[in-house]
Amino acid sequence: MRNKLSIAIDGPAAAGKSTVAKIIAEHYAYIYIDTGAMYRALTYKAIQANINLHDEDAVADILSNIHIELKPNEEGQIVLVNGEDVTEVIRTNEVTNQVSIVAMHPKVRREMLVRQRQLAADGGVVMDGRDIGTHVLPNAELKIFLKASVEERALRRYEENKLKGFDTDLDKLKQEIANRDKLDSEREIAPLKKAEDAIEIDTTSLTIEGVVRKIEDYIEERL
Ligand code: CDP
Ligand code: CDP
């Protein structure tokens, strides 16, 4: 039998992490773990509870009361919080534009790290996020850091929104992505950063298939 690897995929917003992670996980029958969805789920619940998102203890308190589940389905995964399906509602602009504040708190990150390591404990996982290669799975057999120009990433989100039926302002999207990148890269605990032993892939002018092919070549080398 072939080994089951742990694969870490990190990078900034809209670099293509979840799209390629899902394809690879399906291909190798690995578990896909979207750690961003966990931070989004917490942000959604904190907004609902009407607390100050800058209040670390209040946010950590919410986290201690929620059980977040990531369940695979045909489209990748559904996200449940205490049994409630939040898959769609955690993708709203309201959540997207505030999640980096919630993700900054050390108490939140410590707890998320424990939960994420538990989810990955048996190996055979593709986990995507910002700090997977650097903190969550420092011993992952394969670490990938995906990047792309901010213009390209904004355009990807714009096209995605158009497909869903709403028109967005491209410049505004670009600004929001740049703001989130800045908050994620400059926070003190586990910032968005390429792990020293990660392989960097610039996806700006690559297709999804092109990125998947490159990563699968690295996987095959390690199996
Ligand atoms: O899909 P997108 O790249 O827009 O974002 P995401 O992966 O859903 O992550 C949402 C936010 O969660 C990020 O902007 C980070 O603030 C936070 N996050 C994090 O801090 N650490 C992770 N491992 C994953 C996400
Ligand atoms: O997870 P992350 O935020 O890094 O990005 P994503 O949600 O997987 O991808 C953002 C969008 O870019 C999706 O609509 C993809 O179809 C598209 N895309 C891509 O992921 N990779 C490419 N090489 C080209 C386009």
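Atoms within a ligand are numbered from 1 in the order they appear, just like the ligands themselves.
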Contacting atoms of ligand 1, where contact means under 4.0 angstrom from a heavy atom of [X]:
X: D184; value: 13 (C), 14 (O), 15 (C), 16 (O)
X: A103; value: 16 (O), 17 (C), 20 (O)
X: V99; value: 10 (C), 11 (C), 12 (O)
X: A14; value: 3 (O)
X: S100; value: 14 (O), 16 (O)

Protein residue, atom and distance nearest to [atom], heavy-atom basis:
atom: atom 9 (O) of ligand 1; value: G36 CA, 3.5 Å
atom: atom 24 (C) of ligand 1; value: T35 OG1, 3.3 Å
atom: atom 21 (N) of ligand 1; value: R109 NH2, 3.0 Å
atom: atom 18 (N) of ligand 1; value: Y39 CD1, 3.6 Å
atom: atom 8 (O) of ligand 1; value: R40 NE, 2.6 Å
atom: atom 16 (O) of ligand 2; value: I208 CD1, 3.3 Å
atom: atom 23 (N) of ligand 1; value: D131 OD1, 2.8 Å
atom: atom 10 (C) of ligand 1; value: R180 NH1, 3.6 Å
atom: atom 25 (C) of ligand 2; value: R156 NE, 3.5 Å

Query - Best match, R130, E160, E209, R153: closest heavy atom to atom 14 (O) of ligand 2 - result: E160
Requested in this report: May I ask which of K17, R157, M127, E176 has a heavy atom nearer to atom 2 (P) of ligand 1 than the others do?
Outcome: R157
Could [X] and [Y] be called an ion pair, given the rule that one side-chain N must be under 4.0 Å from one carboxylate O?
X: R156; Y: E159; value: no
X: D131; Y: K193; value: no
X: R153; Y: D181; value: yes
X: K214; Y: E209; value: no

Query raised in the report: Do R115 and L63 come within less than 4.5 Å of each other through their side chains, counting heavy atoms only?
Result: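 Side chain of R115 against side chain of L63, heavy atoms only: contact under 4.5 Å found.
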Report summary line: Counting from 1 in the order shown, the ligand 2 atoms closer than 4.0 Å to a non-hydrogen atom of G16 are 2 (P), 4 (O), 5 (O), 6 (P), 8 (O), 9 (O), 20 (O)
Query raised in the report: Just which atoms of ligand 2 are under 4.0 Å from any heavy atom in T19?
Result: 6 (P), 8 (O), 9 (O), 13 (C), 15 (C), 20 (O)
Which bit of [X] gets closer than 4.0 Å to ligand 2, counting heavy atoms only: side chain, backbone, both or neither?
X: T207; result: backbone
X: L206; result: backbone
X: P12; result: backbone

N/O donor-acceptor pair under 3.5 Å between [X] side chain and [Y] backbone:
X: T134; Y: A195; result: no
X: D10; Y: G133; result: yes
X: Q175; Y: D171; result: no
X: K17; Y: G11; result: yes

Query raised in the report: Within less than 4.0 angstrom of ligand 1, does M112 place any heavy atom?
Result: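 False for this residue.
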Query raised in the report: In Å and rounded to the nearest 0.5 Å, what is the CE to CD1 distance from M38 to I90?
Result: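 M38 atom CE to I90 atom CD1 measures 10.5 Å (nearest 0.5 Å).
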**Report entry** CG on L119 to CD1 on I33, rounded to 0.5 Å
**Finding:**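 So the CD1 of I33 and the CG of L119 are separated by 5.0 Å.
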Report task. Would you check whether D128 has a nitrogen or oxygen atom less than 3.5 angstrom from a nitrogen or oxygen atom of ligand 1? Result ->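 There is no such contact.
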Requested in this report: Ignoring angles and geometry beyond distance, decide whether D34 reaches within less than 3.5 Å of ligand 1 through its nitrogen or oxygen atoms.
Outcome: no
Query raised in the report: Does a sphere of radius 6.0 Å around CZ in R213 hold more than 12 heavy atoms from other residues, nucleotides or ligands, not counting ones at 6.0 Å or beyond?
Result: no
Report task. Indicate, with yes or no, if V20 and L70 share a hydrophobic cluster defined by side-chain heavy-atom contacts under 4.5 Å among Ile, Leu, Val, Met, Phe, Trp and Tyr. Result ->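 Cluster IDs for L70 and V20 differ.
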Requested in this report: Pick out which of E176, R40, R180 makes a side-chain hydrogen bond (donor to acceptor under 3.5 Å, both in side chains) with T96.
Outcome: R40
Query raised in the report: Which pairs count as salt bridge (Lys or Arg N to Asp or Glu O under 4.0 Å) when at least one residue sits in residues 22-38, sequence neighbours excluded?
Result: D34-R91
**Report entry** ligand 2 N/O within reach of S18 N/O, cut-off under 3.5 Å
**Finding:**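 By distance alone, the answer is yes.
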